[in-house]
Novice: 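This is the structure I want to talk about, given as structure tokens.
Atoms considered below: every heavy atom in the structure, side chains included; atoms not considered: hydrogens, waters and symmetry mates.
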Amino acid sequence: MRPLRLTLSAFGPYAAQTTLDLEKLGKGGLYLITGDTGAGKTTLFDAITYALYDHSSSGIREGSMLRCKYADDKTPTFVELEFEVHGVRYTVRRNPEYQRPKARGEGMTTEKADATLTPVTKAKDVTAAVQEIIGLDYNQFSQIVLIAQGQFTKLLNASTEERSRIFRKLFRTQRYAQLQERLQAEASALNQQRTAQ
């Protein structure tokens with residue numbers, strides 16, 4: 001998965017709509033987000049994981065906590081991520097539930113949480129479609145793709161079986177594991193035949 005463009009509106013500390021052209025970072029596949037404490041690095045991680053999986057990168061902040069408290073009431077809250085997988089471009093847009101001014105009359109109304117993924121349009125289908133496209137669920141994505149400060153240690157300290165499972169899925173080596181199991185079964189059967197003879 002290669003992020004191409006990230007747009008944040010009234011999200012985290014971004015009161016106005018802000019777009020980051022991530023395509024300018026090139027096609028190297030490995031990006032380092034660095035800066036001083038409080039510079040907004042985690043907000044970028046939160047925006048990407050929220051757009052894809054409806055969770056913040058830490059899993060601590062919920063959708064209702066992501067609206068910028070400094071944003072104008074009329075500014076919509078959303079995150080939009082354009083990304084590429086195997087040469088195909090996708091755009092996912094997600095907004096949390098938040099209060100906005102009524103279209104008619106005075107007062108506020110609740111804008112319901114919603115998500116769209118080109119071409120999937122139902123919010124409940126978006127996360128499942130993202131998992132299928134990227135090939136990773138939220139936990140795997142958080143451990144592998146977006147390794148936030150201090151999270152790399154979690155991957156390193158994961159059990160051997162857990163790391164193996166993650167890497168098999170990431171590098172799509174399941175067929176080699178299946179081949180290995182078949183060869184072991186055949187070798188065992190041949191050993192049993194040899195012993196019997």
Side-chain angles (χ1 to χ4, degrees), residues 1-23 31 33 35 37-85 88-151 154:
M1 193 277 293
R2 186 166 71 98
L4 303 173
R5 184 177 322 279
L6 179 64
T7 302
L8 303 95
S9 177
F11 185 89
Y14 295 90
Q17 185 169 311
T18 304
T19 299
L20 303 171
D21 188 358
L22 303 172
E23 200 164 8
Y31 311 103
I33 298 175
T37 300
K41 302 178 297 292
T42 302
T43 300
L44 298 179
F45 289 162
D46 283 348
I48 291 170
T49 56
Y50 179 73
L52 295 172
Y53 296 103
D54 195 19
H55 291 288
S56 65
S57 61
S58 64
I60 297 170
R61 295 182 196 115
E62 295 179 12
S64 61
M65 299 168 67
L66 298 173
R67 178 164 170 83
C68 178
K69 62 183 176 182
Y70 305 110
D72 182 90
D73 286 344
K74 295 176 185 172
T75 303
T77 300
F78 69 88
V79 175
E80 185 174 276
L81 175 67
E82 183 180 345
F83 63 98
E84 181 180 67
V85 176
V88 179
R89 289 178 177 239
Y90 300 92
T91 301
V92 62
R93 180 179 170 127
R94 194 179 301 264
N95 66 273
E97 184 174 291
Y98 65 95
Q99 294 293 305
R100 64 166 177 77
K102 290 182 177 180
R104 288 186 295 271
E106 293 189 24
M108 303 293 276
T109 188
T110 300
E111 180 72 27
K112 296 291 184 192
D114 197 15
T116 58
L117 172 67
T118 307
V120 178
T121 57
K122 293 182 182 173
K124 67 178 183 165
D125 298 335
V126 170
T127 303
V130 164
Q131 287 180 19
E132 187 174 321
I133 291 165
I134 295 176
L136 300 170
D137 64 23
Y138 166 73
N139 291 325
Q140 293 164 333
F141 186 85
S142 297
Q143 286 181 317
I144 297 168
V145 179
L146 288 181
I147 304 176
Q149 185 176 354
Q151 297 300 312
K154 282 186 179 179

Novice: Is there a side-chain contact between Ile133 and Leu117, using heavy atoms and a 4.5 Å cut-off?
Specialist: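 Yes, close enough: below the 4.5 Å cut-off.
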
Novice: Can you give each donor-acceptor pair under 3.5 Å made by side-chain atoms of residues 7-15, sequence neighbours left out, with the distance rounded to 0.1 Å?
Specialist:
| from | atom 1 | to | atom 2 | distance (Å) |
| --- | --- | --- | --- | --- |
| Thr7 | OG1 | Thr19 | OG1 | 3.2 |
| Ser9 | OG | Pro76 | O | 2.6 |

Novice: For residues Leu6 and Ile48, determine if any side-chain heavy atom of one lies less than 4.5 Å from a side-chain heavy atom of the other.
Specialist: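 Counting from C-beta outward, Leu6 and Ile48 do come under 4.5 Å.
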
Novice: Heavy atoms only: give me the nearest Val92-Phe83 pair and the separation to one decimal.
Specialist: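 Val92 and Phe83 have their closest heavy atoms at CG1-CE2, 4.0 Å.
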
Novice: Check the side chains of Arg67 and Thr77 for a donor-acceptor pair under 3.5 angstrom, ignoring hydrogens and angles.
Specialist: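 Yes, Arg67 and Thr77 have a side-chain donor paired with an acceptor closer than 3.5 Å.
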
Novice: Quick one: closest heavy-atom pair of Pro101 and Lys74, and the distance?
Specialist: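 Taking Pro101 first and Lys74 second, the nearest heavy atoms are CG-CG, 4.0 Å.
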
Novice: Is any side-chain heavy atom of Phe141 closer than 4.5 Å to one of Gln131?
Specialist: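 No, side chains not in contact.
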
Novice: Any heavy-atom pair between the side chains of Leu22 and Arg5 that's under 4.5 Å?
Specialist: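 No, their side chains stay 4.5 Å or more apart.
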
Novice: Got a sec, which residues hit side-chain hydrogen bond (donor to acceptor under 3.5 Å, both in side chains) with Gln17, two or more places apart in sequence or on another chain?
Specialist: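 Applying side-chain hydrogen bond (donor to acceptor under 3.5 Å, both in side chains) to Gln17 gives none.
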
Novice: Flag the pair Thr91 / Glu80 as yes when at least one side-chain heavy-atom distance between them is below 4.5 Å, and no otherwise.
Specialist: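 Side chain of Thr91 against side chain of Glu80, heavy atoms only: contact under 4.5 Å found.
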
Novice: Per the side-chain contact (heavy atoms from CB on, under 4.5 Å) rule, which among Thr116, Asp114, Asp54 passes with Arg94?
Specialist: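 Among Thr116, Asp114, Asp54, the one that satisfies the side-chain contact (heavy atoms from CB on, under 4.5 Å) with Arg94 is Asp54.
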
Novice: Spell out, as yes or no, whether a donor-acceptor pair under 3.5 Å connects the side chain of Tyr50 to the backbone of Asn95.
Specialist: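 Flag set: sc Tyr50 to bb Asn95 pair under 3.5 Å.
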
Novice: Applying side chain to side chain donor-acceptor pair (under 3.5 Å), which residue pairs with at least one partner in residues 99-108 are found, sequence neighbours left out?
Specialist: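 Checked against side chain to side chain donor-acceptor pair (under 3.5 Å) - neighbours excluded - the pairs reaching residues 99-108 are Gln99-Thr110, Arg100-Glu111.
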
Novice: Within the side chain of Lys112, is there an N or O that forms a donor-acceptor pair under 3.5 Å with the backbone of Glu97?
Specialist: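 Side chain of Lys112 to backbone of Glu97: no pair is present.
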
Novice: The test is side chain to side chain contact (heavy atoms under 4.5 Å, CB included); show your working for Leu52 and Ile134 and say whether it passes.
Specialist: CA-CA 10 Å; Leu52 295 172; Ile134 295 176; 4.0 Å; yes

Novice: Would you check if His55 and Thr49 make a side-chain contact, meaning some heavy-atom pair closer than 4.5 Å?
Specialist: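 A side-chain contact is absent here, since even the closest heavy-atom pair is not under 4.5 Å.
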
Novice: I'd like to know whether Glu84 forms a side chain to side chain contact (heavy atoms under 4.5 Å, CB included) with Val88, so could you lay out the CA-CA distance, the side-chain angles of the two residues, the decisive distance to 0.1 Å, and finally the verdict.
Specialist: CA-CA 5 Å; Glu84 181 180 67; Val88 179; 6.0 Å; no

